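What follows is one structure encoded as structure tokens, with my remarks underneath.
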Amino acid sequence: MKTNPESSRRGFIKKLATSTAAVAVGSQVLAASPENNKIISIPKRSDFSVNDQINIALIGAGGMGTGDVMTALMVPGVKIVAVCDLYDGRLRDAKTRWGQDIFTTRSYKEILSRADVDAVIIATPDHWHQQISIDAMRAGKHVYCEKPMVHSIGEGPAVIQAQKETGKVFQVGSQGVSSLGNEKAKELLKDGAIGQLNFAEGFWARHSPGGAWSYPIPADASKQTVDWEAFLSNTSKRDFDAKRFFRWRNYRDYGTGMSGDLFVHLFSSLHFITGTYGPNKIYSSGGLRYWKDGREVPDVLLGIFDYPEQAEAHPAFNLSLRCNFVDGTSGNTILKLIGSEGAMDIGWDSVTLRRNKNFSKDDPFYIESMKNAGTPLTDRKRILPQEEYTFAVEKGYLGAHYDHFANFFNAIRTNTKVAEDAIFGYRAAAPALLCNDSYNNDTAILWNPEKMQLVKK
């Protein structure tokens with residue numbers, strides 16, 4: 001991918017000056033700031049359609065699934081009619097939360113057989129994502145499936161095929177893809193804000209039992225209140241273990257570890273912003289440093305990824321990801337893109353752009369300014385403060401989670417594309433899953449991101 005750095009720089013500066021002036025005239029500057037730090041508002045979105053009512057059902061009513069439904073119900077014209085879970089306590093809670101008249105069951109196939117269900121939210125443990133997604137689309141239901149789309153690298157093609165053959169709307173739940181922050185970062189990168197991309201990095205930091213997936217276990221958890229046989233029916237059989245059921249993310253039979261749960265968000269955002277197909281080389285390292293509670297996955301994980309040049313999208317660049325569940329500072333999540341002329345810190349609600357100031361000795365304005373200031377021209381370099389621009393969402397923004405669901409329902413109503421379909425979801429899941437494979441097998445892995453295939457060494 002060839003670019004003209006000087007043309008890119010001039011084009012970005014001109015466009016930024018225009019947009020900043022427009023914002024200032026409209027009194028949308030969010031707060032007073034130092035001269036080198038300008039804060040600019042990102043307008044709220046208002047282009048979603050609201051038409052016929054959409055009836056949804058939830059399959060997997062744990063914390064994520066419940067949160068998904070609460071957000072989905074904020075979108076006008078959406079109603080929940082059924083809930084499926086393998087633990088009776090969650091079914092009782094669902095009726096308390098959403099009404100005694102909703103249908104509840106332990107069997108997801110009973111949900112799929114109902115004529116009053118238009119779409120399903122799949123928020124089960126990862127090892128059930130593929131089968132339920134395929135069954136749901138084949139049953140005529142639209143699908144919102146939590147990330148990662150699949151549990152293992154070999155499961156993705158079947159989901160892609162099912163979406164193509166059924167024509168059903170399928171959205172993967174990495175909400176950042178629909179965020180205003182990601183959209184602004186994509187625009188800035190395209191406009192040359194950071195010059196030529198060469199490196200990206202991201203990390204998650206946590207330090208709490210809940211953050212490290214040591215979720216509370218209900219006092220009544222037993223083989224009578226949990227359908228343990230159904231939970232295990234597509235994986236290894238073993239005696240009932242409440243920790244494995246309620247803390248499933250810690251076990252390889254059901255979850256996908258730090259990479260599948262958290263790296264996948266960073267991959268999704270990065271892929272959306274850059275338009276990339278993904279990396280062609282993956283290698284990782286890490287270990288279990290603190291949460292030694294019988295879990296089978298690390299609590300510190302590092303991943304390194306090589307992204308090849310992709311014509312008309314981006315030059316070759318490298319990506320570094322890390323996740324730490326033993327971080328004493330805690331609570332930090334970030335994605336950073338670094339280029340030849342600047343860098344961006346990207347969140348779902350904001351983007352902070354930093355650029356080094358450049359002065360050319362033959363710039364007439366610079367020469368005249370130095371003369372007026374009585375400063376002699378010299379070849380000696382100076383340390384100059386960076387220019388900093390913070391793009392923040394307008395007050396009242398409902399957030400990426402809301403927009404992701406609004407995007408999903410809008411696609412159902414208007415027969416249009418979603419932000420994160422099966423192909424996009426698989427390309428985001430693949431490097432996360434291969435990161436785990438690299439860690440478990442202690443080897444680098446080669447991947448063809450365009451064809452979505454492993455490459456033999």
Side-chain angles (χ1 to χ4, degrees), residues 42-58 68-69 71-81 112 116-123 129 132-134 136-147 149 156-187 190 264-265 267-277 312-313 348 393 397-429 452:
I42 304 174
K44 290 180 290 186
R45 191 183 284 104
S46 60
D47 56 353
F48 291 126
S49 170
V50 179
N51 294 313
D52 298 334
Q53 177 173 296
I54 296 175
N55 290 342
I56 63 171
L58 173 63
D68 279 344
V69 171
T71 303
L73 293 178
M74 293 170 61
V75 180
V78 176
K79 178 182 179 181
I80 184 165
V81 296
L112 302 185
D116 62 342
V117 173
D118 301 308
V120 296
I121 296 172
I122 300 172
H129 285 185
I132 299 177
S133 292
I134 292 172
M137 286 187 281
R138 303 249 181 241
K141 313 302 181 187
H142 303 290
V143 174
Y144 181 104
C145 179
E146 270 302 330
K147 50 73 199 165
M149 187 180 88
V159 178
I160 294 171
Q161 182 180 1
Q163 183 184 17
K164 288 181 177 178
E165 291 178 353
T166 64
K168 300 286 65 172
V169 174
F170 181 87
Q171 174 99 303
V172 179
S174 286
Q175 302 87 5
V177 172
S178 292
S179 71
L180 290 179
N182 272 204
E183 289 184 6
K184 175 55 68 173
K186 184 181 183 77
E187 174 190 325
K190 182 180 178 181
V264 72
H265 278 305
F267 283 120
S268 298
S269 290
L270 176 68
H271 291 189
F272 173 80
I273 293 164
T274 63
T276 187
Y277 292 144
E312 306 305 322
W348 292 357
V393 297
Y397 176 52
L398 296 177
H401 205 166
Y402 174 89
D403 276 0
H404 210 48
F405 271 109
N407 177 275
F408 174 59
F409 297 129
N410 187 64
I412 294 172
R413 287 171 171 143
T414 61
N415 194 30
T416 53
K417 293 183 178 181
V418 290
E420 192 174 9
D421 64 7
I423 291 177
F424 186 104
Y426 186 46
R427 283 186 169 137
M452 298 176 283

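The shown structure was predicted, so the numbers you read here are calculated from the model rather than taken from an experiment. Just so you know, residue 1 is the first one in the sequence shown, and it goes up from there.
Between the CE atom in Met149 and the CD1 atom in Ile122 there is a gap of 11.0 Å [rounded to 0.5 Å]. How far OH of Tyr397 is from OG of Ser179: 5.5 Å, rounded to the nearest 0.5 Å. Lys184 contributes atom NZ, which lies 6.0 Å from atom CD1 of Ile42 (distance to the nearest 0.5 angstrom).
Relative orientation of the Phe408 and Phe405 rings is perpendicular, given thresholds of 30° and 60° on the angle between their planes. Under the 30°/60° scheme for interplanar angles, the aromatic rings of Tyr144 and His404 are found to stand perpendicular.
Considering all non-hydrogen atoms of both residues, Ile80 and Leu73 come closest at N-CD2, 3.8 Å. Residues Trp348 and Asn182 come closest through the heavy atom pair CD1-ND2, 4.2 Å. In terms of heavy-atom proximity, Lys141 sits nearest to Leu112 at CE-O, 3.2 Å. Across Ala428 and Val264, no two heavy atoms sit closer than the pair O-CG2, 3.8 Å. The shortest non-hydrogen separation linking Lys168 to Gln163 is O-CG, 3.6 Å. The minimum heavy-atom distance between Ser178 and Glu183, with the atom names listed, is O-OE2, 4.1 Å.
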* Before giving the answer on side-chain contact (heavy atoms from CB on, under 4.5 Å), spell out for His142 and Met137 the whole-Å C-alpha distance, their side-chain angles and the decisive distance to 0.1 Å. => CA-CA 6 Å; His142 303 290; Met137 286 187 281; over 6 Å; no
* salt bridge (charged side-chain N to carboxylate O under 4.0 Å, His left out) between Glu187 and Lys190: does it pass, once the steps are laid out? -> CA-CA 5 Å; Glu187 174 190 325; Lys190 182 180 178 181; over 6 Å; no
* Asked: Under the side-chain contact (heavy atoms from CB on, under 4.5 Å) criterion, do Glu420 and Ser174 qualify, and how do the steps go?
  -> CA-CA 8 Å; Glu420 192 174 9; Ser174 286; 3.3 Å; yes
* Just do the side-chain contact (heavy atoms from CB on, under 4.5 Å) check on Phe424 and Val172 with the steps written out, would you? => CA-CA 8 Å; Phe424 186 104; Val172 179; over 6 Å; no
* Could you go through the side-chain contact (heavy atoms from CB on, under 4.5 Å) check for Val117 and Asn55 one step at a time? => CA-CA 5 Å; Val117 173; Asn55 290 342; 5.7 Å; no
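Using modelled atom types, one finds a donor on one side chain and an acceptor on the other under 3.5 Å when comparing Gln171 with Asn407.
Judged purely by atom type and a 3.5 angstrom limit, Arg138 has no side-chain atom pairing as donor or acceptor with the backbone of Thr166. Remark: the backbone N or O of Glu146 is paired with a side-chain donor or acceptor of His129 at under 3.5 angstrom. A donor-acceptor pair is defined here as one N or O able to donate and one able to accept, closer than 3.5 Å; such a pair exists between the side chain of Lys186 and the backbone of Phe272.
Contact annotation: the side chain of Val159 never approaches that of Tyr426 to less than 4.5 Å [non-hydrogen atoms, C-beta and beyond].
Within a 6.0 Å sphere centred on CG of Asn415, other residues, nucleotides and ligands contribute 12 heavy atoms or fewer.
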